[in-house]
Amino acid sequence: MAVAASTDAESKGGLRAAGRLLCIVATLLIALALHGAWRLFGRFSPWPRRFLRRVAMILGADIRVEGQPLRRDVMIAANHLSWFDILLLAGTAGTRFVAKAEVAALPLVGWLAGLNRTLFVERGDKLGVGDQVAAIRSALAEGQPLAVFPEGTTGDDLSLLPFKPALFAALVPPLPGIRVQPVRIDYGTAAHDLAWLGTDPGDAHAKRVLRRRGRFTVTLHYLAAFDPAAFPDRKAIAAEARRRIVGA
């Protein structure tokens with residue numbers, strides 16, 4: 001009986017994953033067509049972020065937003081649990097992201113990231129830090145929200161890791177009008193299922209998310225933004241962003 005139940009659950013999980021993949025592909029094709037039409041007429045396209053939000057919903061997310069996401073002139077600093085965070089931040093705040101250069105080479109993922117104007121940087125290139133900071137400052141000056149994950153990675157559990165200050169160097173000296181908005185992403189009871197922890201292979205994690213049964217509520221707490229000019233250096237800015245997320 002236990003074997004039969006396990007086989008039945010496995011079969012249903014496979015069908016659920018296949019159905020979700022079909023929905024994602026159909027949504028992608030529609031979004032690409034609309035994105036192309038918007039760009040053809042020289043308009044800023046909202047379709048990459050709308051597509052990403054829809055993918056999160058297809059994967060079972062019921063999205064709640066608390067607070068007011070800033071729509072421009074902001075660096076968003078959020079806790080990091082998995083790639084699901086990207087769907088949520090882009091879908092609710094229209095953000096672009098800072099990502100490792102290796103992401104650009106990933107099949108399909110790199111291309112989609114490019115459509116969302118992701119800024120690719122060589123994280124391990126210590127000699128190129130100045131160029132990275134200059135690229136981030138230039139991106140912020142364009143107005144569109146830019147999101148970073150200051151933990152730099154996901155951990156071995158659900159605890160919040162220390163914030164690395166490197167990316168906040170782009171805010172020193174201060175850029176006129178640019179603020180920092182901390183965001184706490186709370187997956188509630190689904191956190192353990194969705195977290196990408198430790199050495200969990202990417203394909204295994206994606207399979208688990210696709211096959212996951214039921215829906216879940218995820219809350220994005222957009223906290224009060226602050227002026228980085230009020231802090232002496234990048235370490236102090238990073239510490240303040242983390243302090244506010246912990247306090248939430």
Side-chain angles (χ1 to χ4, degrees), residues 27 30-32 34-57 61-81 83-99 112-121 133-150 163 167-187 217-231 237-238 240-242 244-245 247-248:
T27 302
I30 294 170
L32 285 175
L34 293 169
H35 175 74
W38 254 248
R39 295 298 299 272
L40 182 64
F41 289 99
R43 298 173 58 186
F44 178 80
S45 172
W47 293 104
R49 66 177 176 83
R50 290 179 180 178
F51 165 71
L52 293 173
R53 180 174 182 134
R54 185 62 187 170
V55 169
M57 295 169 67
D62 294 322
I63 304 169
R64 292 179 54 207
V65 174
E66 293 191 359
Q68 183 61 49
L70 299 183
R71 298 297 182 182
R72 59 177 296 111
D73 301 326
V74 61
M75 176 185 279
I76 288 175
N79 60 306
H80 193 27
L81 198 70
W83 49 266
F84 217 108
D85 306 334
I86 294 170
L87 308 179
L88 299 169
L89 290 172
T92 57
T95 60
R96 58 193 297 196
F97 295 87
V98 177
L112 289 172
L115 287 182
N116 198 50
R117 305 184 70 220
T118 295
L119 185 64
F120 299 107
V121 298
V133 169
I136 294 172
R137 286 177 68 87
S138 178
L140 286 167
E142 294 175 12
Q144 184 179 355
L146 180 70
V148 298
F149 298 112
F163 277 13
L167 295 178
F168 292 104
L171 302 174
V172 183
L175 285 163
I178 300 296
R179 289 174 287 172
V180 176
Q181 184 170 34
V183 179
R184 178 179 176 241
I185 306 174
D186 180 7
Y187 289 93
T217 298
V218 54
T219 305
L220 288 92
H221 301 266
Y222 282 89
L223 307 174
F226 64 90
D227 186 350
F231 298 85
I237 297 170
E240 178 63 14
R242 189 179 188 278
R244 295 192 180 207
I245 291 175

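Every heavy atom of this structure was used, including side-chain atoms; hydrogens, water molecules and symmetry mates were not.
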> side chain to side chain contact (heavy atoms under 4.5 Å, CB included) between F226 and R179: does it pass, once the steps are laid out?
Replying inline: CA-CA 6 Å; F226 64 90; R179 289 174 287 172; over 6 Å; no
> With sequence neighbours left out, which residue pairs that include part of residues 47-56 fulfil the side chain to side chain donor-acceptor pair (under 3.5 Å) condition?
Replying inline: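 Pairs touching residues 47-56 that pass the test: none.
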Can you measure from [atom1] ([X]) to [atom2] ([Y]) and round to the nearest 0.5 angstrom?
X    : Y    : atom1 : atom2 : answer
T92  : L89  : OG1   : CG    : 5.5 Å
L40  : H35  : CG    : NE2   : 11.5 Å
F120 : F97  : CZ    : CZ    : 11.5 Å
L171 : I237 : CG    : CD1   : 5.0 Å
L34  : R39  : CG    : CZ    : 14.0 Å
L52  : L112 : CG    : CG    : 7.5 Å

Nearest non-hydrogen partners of [X] and [Y], listed with the distance:
X    : Y    : answer
A225 : R244 : O-NH1, 3.9 Å
A241 : A77  : CB-CB, 4.3 Å
D85  : L81  : OD2-N, 2.6 Å

How about [X] and [Y]: do any of their side-chain heavy atoms sit closer than 4.5 Å?
X    : Y    : answer
F51  : N116 : no
I63  : L220 : yes
F168 : P150 : yes
L88  : V218 : yes
T95  : I86  : no

> Would V98 and L146 count as a side chain to side chain contact (heavy atoms under 4.5 Å, CB included) if you check the C-alpha gap in whole Å, the side-chain angles of each, and the deciding distance to 0.1 Å?
Replying inline: CA-CA 7 Å; V98 177; L146 180 70; 3.9 Å; yes
> So among V183, V65, N79, D186, which one has a side-chain contact (heavy atoms from CB on, under 4.5 Å) with H221?
Replying inline: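 In the set V183, V65, N79, D186, the residue that makes a side-chain contact (heavy atoms from CB on, under 4.5 Å) with H221 is D186.
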> Is R64 salt-bridged to E66, cutoff N-O under 4.0 Å?
Replying inline: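 Yes, charged N to carboxylate O under 4.0 Å.
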>> The criterion is side chain to side chain contact (heavy atoms under 4.5 Å, CB included); which residues satisfy it with A170, sequence neighbours excluded?
In response: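 In terms of side chain to side chain contact (heavy atoms under 4.5 Å, CB included), with neighbours along the sequence ignored, A170 is linked to V133, I136, R137.
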> Going through the checks in order, is the side chain to side chain contact (heavy atoms under 4.5 Å, CB included) test met by Q181 and L223?
Replying inline: CA-CA 6 Å; Q181 184 170 34; L223 307 174; 5.6 Å; no
>> With side-chain hydrogen bond (donor to acceptor under 3.5 Å, both in side chains) as the test, pick out the partner of Q144 among R117, R96, R71, R72.
In response: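 The single option meeting the side-chain hydrogen bond (donor to acceptor under 3.5 Å, both in side chains) with Q144 is R117.
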> Given the rule in the side chain to side chain contact (heavy atoms under 4.5 Å, CB included) test, do Y222 and Q68 qualify, once you have shown the distances and angles that lead to the verdict?
Replying inline: CA-CA 6 Å; Y222 282 89; Q68 183 61 49; 6.0 Å; no
